[in-house]
Asks: 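Before we start, here is the structure in question, set down as structure tokens.
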Amino acid sequence: MLNESVPFDPARDPAALAASGALEGNIAQFAQPRGPDLLRRGAALDAWCALRARHGVWPYARVLEGPPEPLATVAGDGMPALRGINFASQDYLSLAAHPAVAEAALRALGEAGPHSAGSAVLLGNTRYSRRLEGALGELLGLGQVVLFPTGWAAAFGAITALVHGADHVVIDQLAHASLRQGAAAATRNVLVHRHLDCDHVRELLAAIRARDAANAILVVTEGLFSMDADSPDLPLLQHLCREYGATLLVDVAHDLGAMGPGGLGVIGAQRMHGRIDLVLGAFSKTFAANGGFVACAERPARRQIQMYAGPHMFSNALSPVQAATVLESLRIVTSGEGEGLRADLMRNAVELRALLAGAGLHCLGAPSPIVPVWMGSEAVARVAGMLLAHDAVFVNPVEYPGVPLGAARLRLQLMAQHTPAQVRRAAGLVAGAAGRAGAGRPATHTPGRCRG
Ligand SMILES: Cc1ncc(COP(=O)(O)O)c(C=O)c1O
């Protein structure tokens with residue numbers, strides 16, 4: 001029994017933590033509460049979250065004080081603010097603190113004010129958003145660009161605008177929630193393929209085309225999967241789409257700008273510049289702002305997205321400050337300075353992965369801004385995350401619905417400005433925390449369920 005009058009330190013009292021029940025359960029259990037009272041039937045979920053928070057294993061909705069820099073101050077739910085090494089935010093090229101980006105944002109604020117005047121279809125466009133559309137089109141070699149208020153809105157909006165009930169979607173089993181929810185909202189004909197498995201995609205496309213030659217098929221994948229740090233074979237997927245009369249959509253939220261030649265991400269690395277049917281992205285990882293976009297070569301597709309994507313038509317457009325911030329970030333991304341920042345980022349990724357592997361931990365995927373460290377059980381991930389927070393190393397412990405049940409991991413997101421000393425120190429502390437929490441290696445990493 002816990003003594004409520006004595007501050008409970010779960011890092012010092014693992015037995016009490018285990019006995020508390022805070023390491024048990026998962027969010028899937030609470031997804032469909034029953035009863036007529038919509039406002040109170042989530043009480044069991046609320047109690048479970050509160051139990052975890054009381055025991056220091058609720059690492060969500062923490063508060064970042066100041067910018068998302070490698071050294072950051074973070075306050076937790078019930079935890080005092082702590083300054084430490086930050087691997088829990090996504091500013092891969094460290095542009096959020098770049099003086100030229102701040103200056104561009106301030107200039108736009110002075111010139112055009114703090115908000116957009118309406119949806120992009122009404123009077124929400126600004127000279128900054130127009131320039132941004134042009135710059136993105138040029139970067140990607142795809143001239144038809146539609147902007148969205150968030151990356152999530154771009155994914156959901158584009159899929160629901162283009163695909164209707166008689167069409168089909170073939171989607172990677174680990175695709176982001178925005179893509180899967182867009183697919184589910186667009187059509188009941190959604191087929192999920194095994195992660196990165198092009199043979200399975202071919203099988204599904206052949207089966208669809210054998211019975212339906214009349215309707216469209218959208219194949220949906222990501223450039224860099226953000227929980228697994230791996231990538232599909234884009235030339236093969238695009239080839240299969242041509243063969244079966246399907247259209248390929250690639251979400252490059254995490255890799256565009258942060259990786260690849262000229263910042264072109266996995267599309268550039270796989271020599272598919274200008275050759276993917278639909279490219280979708282978010283500004284929230286590398287471009288120091290909120291917002292998203294869809295790009296393609298076909299004007300009819302752009303028109304269809306503008307007119308039928310709810311979050312483009314019925315939500316206020318990017319603010320001038322956001323658009324100017326992304327524009328300036330894009331300028332840096334495509335400059336020599338951008339190349340240097342990407343080299344620093346990749347050096348950090350390679351170094352961190354080598355140190356963690358040397359300590360016996362299993363990092364999923366390949367070197368990228370994201371380093372997912374396998375934990376397996378949710379309890380292990382919760383304890384490791386909590387121990388790291390006590391050591392002032394901030395990481396995101398990820399469990400269902402971010403990843404399948406039983407496939408929990410620590411996700412570390414790197415920045416160009418993490419120093420080699422910070423990477424070394426963090427690697428040692430991650431290895432120590434994972435060891436104390438009981439992390440092992442996966443028997444075989446076979447992702448089972450889609451991300452929520
Ligand atoms: C692959 C992918 N697509 C889209 C999004 C949504 O982007 P945003 O957070 O900018 O809305 C995310 C967010 O993490 C993502 O990982």
Side-chain angles (χ1 to χ4, degrees), residues 60-61 64 68 87-93 95-96 132 136 146-160 169 171-185 192 195-196 218-232 234 237 248-260 265-267 276 278-295 305 309-312 315-319 321-323 325-326 329-330 364-365 368-372 395-396 398 401-403 409 411-414 447 450-452:
Y60 309 114
L64 177 66
F87 292 98
S89 56
Q90 31 201 21
D91 180 28
Y92 299 142
L93 291 194
L95 296 182
L132 178 56
L136 276 169
V146 185
L147 299 178
F148 284 85
T150 66
W152 203 98
F156 187 89
I159 295 175
T160 49
V169 175
I171 186 165
D172 190 290
Q173 72 182 122
L174 297 186
H176 189 258
S178 54
L179 301 164
R180 292 191 304 100
Q181 290 184 27
V192 175
H195 184 49
L196 306 183
L218 183 67
V219 174
V220 178
T221 192
E222 296 181 22
L224 174 70
F225 281 83
S226 67
M227 299 295 177
D228 294 76
D230 53 11
S231 301
L234 294 179
L237 278 180
L248 180 63
L249 182 153
V250 182
D251 182 337
V252 297
H254 288 272
D255 54 305
L256 185 72
M259 299 171 67
V266 173
I267 286 177
I276 300 290
L278 284 159
V279 176
L280 186 157
F283 303 134
S284 49
K285 328 297 174 196
T286 297
F287 298 93
N290 294 355
F293 73 89
V294 181
I305 293 168
H312 181 78
S315 191
N316 255 43
L318 282 184
S319 73
V321 173
Q322 288 171 317
T325 299
V326 180
S329 298
L330 203 53
L364 303 176
S368 81
I370 299 160
V371 179
V395 306
N396 283 317
V398 186
V403 294
R409 62 206 68 177
R411 183 169 76 161
L412 280 69
Q413 286 169 293
L414 289 159
C450 284
R451 290 206 258 142

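Read the numbers this way: they start at 1 and go in the same order the structure lists the ligands and their atoms.
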Asks: Under a 4.0 Å N-O cut-off, is there an ion pair linking K285 with D255?
Replies: no

Asks: Partners of D230 by side-chain hydrogen bond (donor to acceptor under 3.5 Å, both in side chains), sequence neighbours excluded?
Replies: H195

Asks: Are any of the N/O atoms on A282, whether in the backbone or the side chain, positioned under 3.5 angstrom from an N/O atom of ligand 1?
Replies: no

Asks: So, does N290 use its side chain to make a donor-acceptor pair with the main chain of S284 at under 3.5 Å?
Replies: no

Asks: Can you name the residues that form a side-chain hydrogen bond (donor to acceptor under 3.5 Å, both in side chains) with S89, not counting sequence neighbours?
Replies: N86

Asks: For ligand 1 and D251, I'd like to know whether there is a polar contact (N/O to N/O, distance under 3.5 Å).
Replies: yes

Asks: Distance under 4.0 Å to a non-hydrogen atom of E222: what atoms of ligand 1 satisfy this?
Replies: 1 (C)

Asks: With a cut-off of 4.0 Å, which atoms of ligand 1 are near a heavy atom of H254?
Replies: 14 (O), 15 (C), 16 (O)

Asks: Is E222 reaching over with its side chain to a backbone N or O of H176, donor-acceptor style, under 3.5 angstrom?
Replies: yes

Asks: Among the heavy atoms of A155, does any lie under 4.0 Å from an atom of ligand 1?
Replies: no

Asks: Looking at W152, which atoms of ligand 1 are within less than 4.0 Å of one of its heavy atoms?
Replies: 6 (C), 7 (O), 8 (P), 11 (O)

